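Contents: one structure, followed by commentary.
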Amino acid sequence: MNQPDVEWPREQGRLKNVLRLSNDVTLAQLKYVGGVDLSFPLNDSDHAVACVVVLEFPSLKLIHASYKWVTLTLPYIPGYLAFREVGPLVELLNDLKATQPDIYPQVILVDGNGILHPRQFGLACHLGVLSDTPCIGVAKNFLHIPEEGSAMEMVEVKARCKKALQKRGDTVDLIGASGVVYGVALRSSDDAKNPVFVSQGHGVDLPTAVEIVLACSKFKNAEPIRQADGLSRKYIRDHNLSR
DNA sequence: GCGACAG
DNA sequence: ATCTTGTCGC
């Protein structure tokens with residue numbers, strides 16, 4: 001009974017029962033924002049460097065970065081990213097909470113989706129529940145969601161974005177034919193024509209999630225994620241981890 | 001069967 | 001995911 005397409009949706013459904021989409025964090029009380037990401041060496045998809053950073057808010061100054069060199073056992077399958085990447089991230093967060101609880105972030109920006117997902121339970125939800133920490137999904141690319149109507153089709157979303165996202169802060173709601181509010185496409189920078197896709201992960205409502213992502217954005221990618229991405233990549237270079 | 005699919 | 005970084009389409 002080791003069938004991913006049977007066991008994994010089941011597991012997502014179970015964890016979804018303890019998912020909180022109500023708000024546990026506000027901009028006013030925000031002091032530390034986290035960012036997580038994994039980077040891979042060239043020609044080696046079985047190993048990666050997981051990274052968690054903490055930025056002071058609203059200055060967005062880097063105050064912490066920790067890394068973990070990991071061996072990945074599961075493949076990347078769209079809709080099941082969390083099963084491949086969530087383990088190392090939870091470990092890094094647990095270490096941080098245990099050793100430096102004073103700088104543990106009130107909210108974490110995750111490279112990937114929250115409920116903007118075929119079963120409304122993407123990586124940001126998965127990480128939020130397992131770490132019991134508010135999380136926001138921020139994806140650079142749109143994840144295709146089957147059978148949710150023309151309003152959620154790739155070409156349709158792109159067309160609406162091109163028309164409506166004229167300046168930094170503009171948003172386009174992503175609502176399925178079923179009525180589910182998946183998230184929003186957000187223009188995070190005046191220089192970035194293409195949007196990022198923001199969705200609730202855990203412990204945050206959508207308006208607050210968008211507010212936080214925007215407040216953390218200097219470029220297209222929100223600073224916490226951009227830092228985690230850049231630093232984990234640098235870690236691979238500095239330690240000669242590419243084959 | 002092919003297509004469409006976060007990282 | 002991977003490429004130097006910021007962004008994107010020819």
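Protein chains get the first letters and strands the later ones, always in sequence-line order, with residue 1 at the start of each. All figures in this text were calculated on a predicted structure; none of them were measured in a lab.
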Please confirm whether the shortest side-chain N or O distance from N194(A) to OP1 or OP2 of dG9(C) is below 4.0 Å.
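For dG9(C), OP1 or OP2 has a side-chain N or O of N194(A) closer than 4.0 Å.
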Would you please name every residue forming a side-chain contact (heavy atoms from CB on, under 4.5 Å) with R226(A), sequence neighbours left out?
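R226(A): side-chain contact (heavy atoms from CB on, under 4.5 Å) contacts with F219(A), N221(A), E223(A).
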Between CG on residue L89(A) and CG on residue L130(A), distance to nearest 0.5 Å
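Output value for this atom pair is 10.5 Å.
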Within the structure shown, what part of the strands sits under 4.0 Å from [X] by heavy-atom distance: base, sugar-phosphate, or nothing?
| X | value |
| --- | --- |
| S189(A) | nothing |
| F142(A) | sugar-phosphate |
| I145(A) | nothing |
| F83(A) | nothing |

Can you list the stems that include DNA chain B, where a stem is three or more consecutive Watson-Crick or G-U pairs with distances under 3.5 Å?
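Runs of three or more consecutive pairs: none qualify.
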Quick one: stems involving DNA chain C, counted as three or more successive Watson-Crick or G-U pairs, both distances short of 3.5 Å.
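Nothing qualifies as a stem here.
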5′-ward residue of the pair S232(A)/F219(A) relative to DNA chain C:
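On the 5' side of the pair lies S232(A).
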For nucleotides 3-5 of chain C, give me every protein contact, N/O to N/O, under 3.5 Å, one pair per line with atom names.
{"residue": "dC3(C)", "atom": "OP2", "partner": "R233(A)", "partner atom": "NH1", "Å": "3.4"}

Span of DNA chain B in contact with chain A (heavy atoms, under 4.0 Å):
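Boundary nucleotides touching chain A, in 5' to 3' order, are dA4(B) to dG7(B).
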Residue-level proximity of residues 105-118 of chain A to DNA chain C when a heavy atom falls under 4.0 Å
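None, since no heavy atom is under 4.0 Å.
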Distance-only donor-acceptor check, side chains Y104(A) and T133(A), under 3.5 Å:
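Per modelled atom types, Y104(A) and T133(A) side chains form a pair under 3.5 Å.
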